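Chain letters run A, B, ... following the sequence lines, proteins first, then strands; residues in each count from 1. Fair warning: this is a prediction, and the values are worked out from it, not measured in the lab.
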Amino acid sequence: MTTPADPPGQAADPAEQAKAVIEYCYDQGWTDGLPVVPATRSGVEAFLATTPRGADEIIGTAPHLGRSITVAQAAANAIMAGCQPEYFPLVLAAWDAVNLERSARGAWQSTSGPSPLIVVNGPARSRLGINCEGGVFGPGFRANATVARAIGLIVRNGYGIRPHELEQATQGLPGRWSVCLGENEEASPWEPLSVVGGVEPGVDAVSAVLIRTCEYVDNRGTDNPEAVLTDFADTLARMGAYLGGGHSSGGLVLGPEHAQLFGRYGYSRADVQQWLFEHAVRDRADLAAAGKGDGPVGDPAQAGTPFPMMPSAKDIPILVAGAANAAISMVFRPFGWAPWSGRSVPVAWSRALSGV
Amino acid sequence: MYDSIIDPTLGPAADSERGPMVLAGRPENLSGLRLGLLANTKRNAEQFLDEVGKLLVDQHGVTTVLARKKPDITNTAPEPILDDLRAGCDIVVVGVGDCGSCSASAVADGIILEQSDIPAAVICTDAFTASADAMARVRGVPGYPYLAVPHPMANLTPEGVRDKATAAVPGIVAMLTGRAMAAAS
């Protein structure tokens, strides 16, 4: 690696060697644009030791590309993303959760350019240092950042779906492959999202939904829960997110202050969902004026009635994350027409890590 | 130099087993041949292919038209649809690749039909040539020729679709008879 221009001894400098290795990985086309950590056999073995799953187990297939992905290959990509070995069971659970989404199959090549919103529940949040509080959408926390990044590298390197080639996102979205957050269970008035997703309370679990963007709702001026719900419903009903085909999509990452306001007034999660389903509606004429009046919007039998923008009450996923320091929440936009699978994935730890 | 670094793109060994590809032989012209149309669910795809079918019947002596629509824009056509086309067609027009996923899978459909010795003409819009080219490489046929028509397709009126089909027919005929193939090789 030395050239005549190198100062004497530079090739032996470990920092220079590390830089050269990073450049080598760039040259192979393996990175998402940021530096990666090189994956070695011993590194992969350390990752495999954290999971009960076999190295050769197939965790994903893309028949149209003739590609499959193994657990060992996922480990290599998780190393490259910057994960610690003990994050790897989360990466595998996140991958499985993403693949429960009906829309995942075509997502990675889509012009929509969606990205997973990954949610972690359970005691692993504190053990692994997964941020659930301030700045939860990142950056700044290794586990959050690298688990999400690992999913992106698995898609890129495992399926060979790369931007400007098979990946055809028109614009993509800010924060693609970088959103993994812990639910702030301690600040939530309700059961964890993973319990909604069918996993026992107190069990580490990962949920995922593919999203096209997030939009904040800043409402700190009222103690009236219906006023805050009105604000959410307005954002949920935004026409730009409607693609035709029957309904738009939306979910909420509630900041703790908004969640606790609802809790104080006795709203369950289902109450909030029902209210939003009933009020996130549009005038059919508005949609027609925006060139979106075809199909169910234009149904003559329904003329004069408001058009519901959400698929159903239960298909508005709601979780709680962030700091209890301002009444700010986030609306997120699930990709495609299929709502969240509604299923969370328990994290499978190796015997050594499960503590049993 | 860095032999100890693991290549993260390497999957199961079986994934790399794909033999060399030979494209279908081409007829001199389309007279007397049975045409297949393989549409996807993108807006205007079926309408476009229908117009192409009519023009090939009227102007090029195609005898029958078998139209099929695949249900999924990402994956290749399901086997029953491919079997119908293999059984009932001598040539197939595939389209329209008008999105990231469907442009790639249209090329894959075309290559699968070629493997069954059926000449295929794949139509993509010119916004998605990178995706189409990438799929051709993935399928082991780098440079597989397809017809790139001007983007977009989805927002065209029926007249616009007809005009686009009329403009595309000479290119489609060239692909099916081998003139475009010769030019590409």
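- Options B/N75, B/D109, B/T76 differ in how many heavy-atom pairs under 4.5 Å they form with chain A, and the most are formed by B/N75.
- Residues B/I6 and A/A76 share a closest heavy-atom pair of CG2-CB, 4.2 Å.
- Proximity of a side-chain donor or acceptor of A/R67 to a complementary backbone N or O of B/T9 within less than 3.5 Å is detected.
- For the pair A/Q28 and B/I5, the minimum side-chain heavy-atom distance is 4.5 Å or more.
- Proximity to chain B (any heavy atom under 4.5 Å) is restricted, for A/I58, to the side chain, taken from C-beta onward.
- Counting heavy atoms of neighbouring residues, nucleotides and ligands inside a 6.0 Å radius, atom CZ of B/R43 does not exceed 12 of them.
- Ranked by heavy-atom pairs under 4.5 Å with chain B, the first of A/R162, A/R156, A/E167, A/R41 is A/R41.
- When B/S4, B/A132, B/G100 are compared by the number of non-hydrogen pairs under 4.5 Å with chain A, B/G100 comes out ahead.
- Interface remark: B/I112 contributes no atoms to any contact with chain A (heavy atom separation under 4.5 Å).
- Here the closest heavy-atom approach between residue A/T70 and residue B/P12 is recorded as CG2-CG, 3.6 Å.
- Atoms CG and NE2, on B/D133 and A/H164 in that order, are 14.0 Å from each other to the nearest 0.5 Å.
- Of the listed residues (A/I161, A/T111, A/N77, A/I154), the greatest number of heavy-atom pairs within a distance under 4.5 Å of chain B belongs to A/N77.
- Summarising the local packing, CD of A/Q171 is surrounded by 12 or fewer heavy atoms from other residues, nucleotides or ligands at distances under 6.0 Å.
- In this structure, A/R105 places its CZ atom where only 12 or fewer heavy-atom neighbours from other residues, nucleotides or ligands lie under 6.0 Å away.
- Other residues, nucleotides and ligands place more than 12 heavy atoms under 6.0 Å from the CZ atom of A/R176.
- Here the shortest heavy-atom pairing between B/Y2 and A/Q17 reads OH-O, 4.4 Å.
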Original post:
Yes or no on side-chain contact (heavy atoms from CB on, under 4.5 Å) for B/T74 and A/Q109, after CA distance, side-chain angles and deciding distance?
Top reply: CA-CA 8 Å; B/T74 303; A/Q109 294 167 254; 4.0 Å; yes
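- In this structure, the portion of A/V44 lying under 4.5 Å from any heavy atom of chain B is its side chain and not its backbone.
- A donor-acceptor pair under 3.5 Å is formed between the side chain of B/S101 and the backbone N or O of A/G106.
- Closest non-hydrogen pair, A/L65 versus B/R139, comes out as N-NH2, 4.1 Å.
- Contact detail for A/Q73 and B/P8: the closest heavy-atom pair is NE2-O, 3.1 Å.
- Both the backbone and the side chain of A/E165 come within less than 4.5 Å of a heavy atom in chain B.
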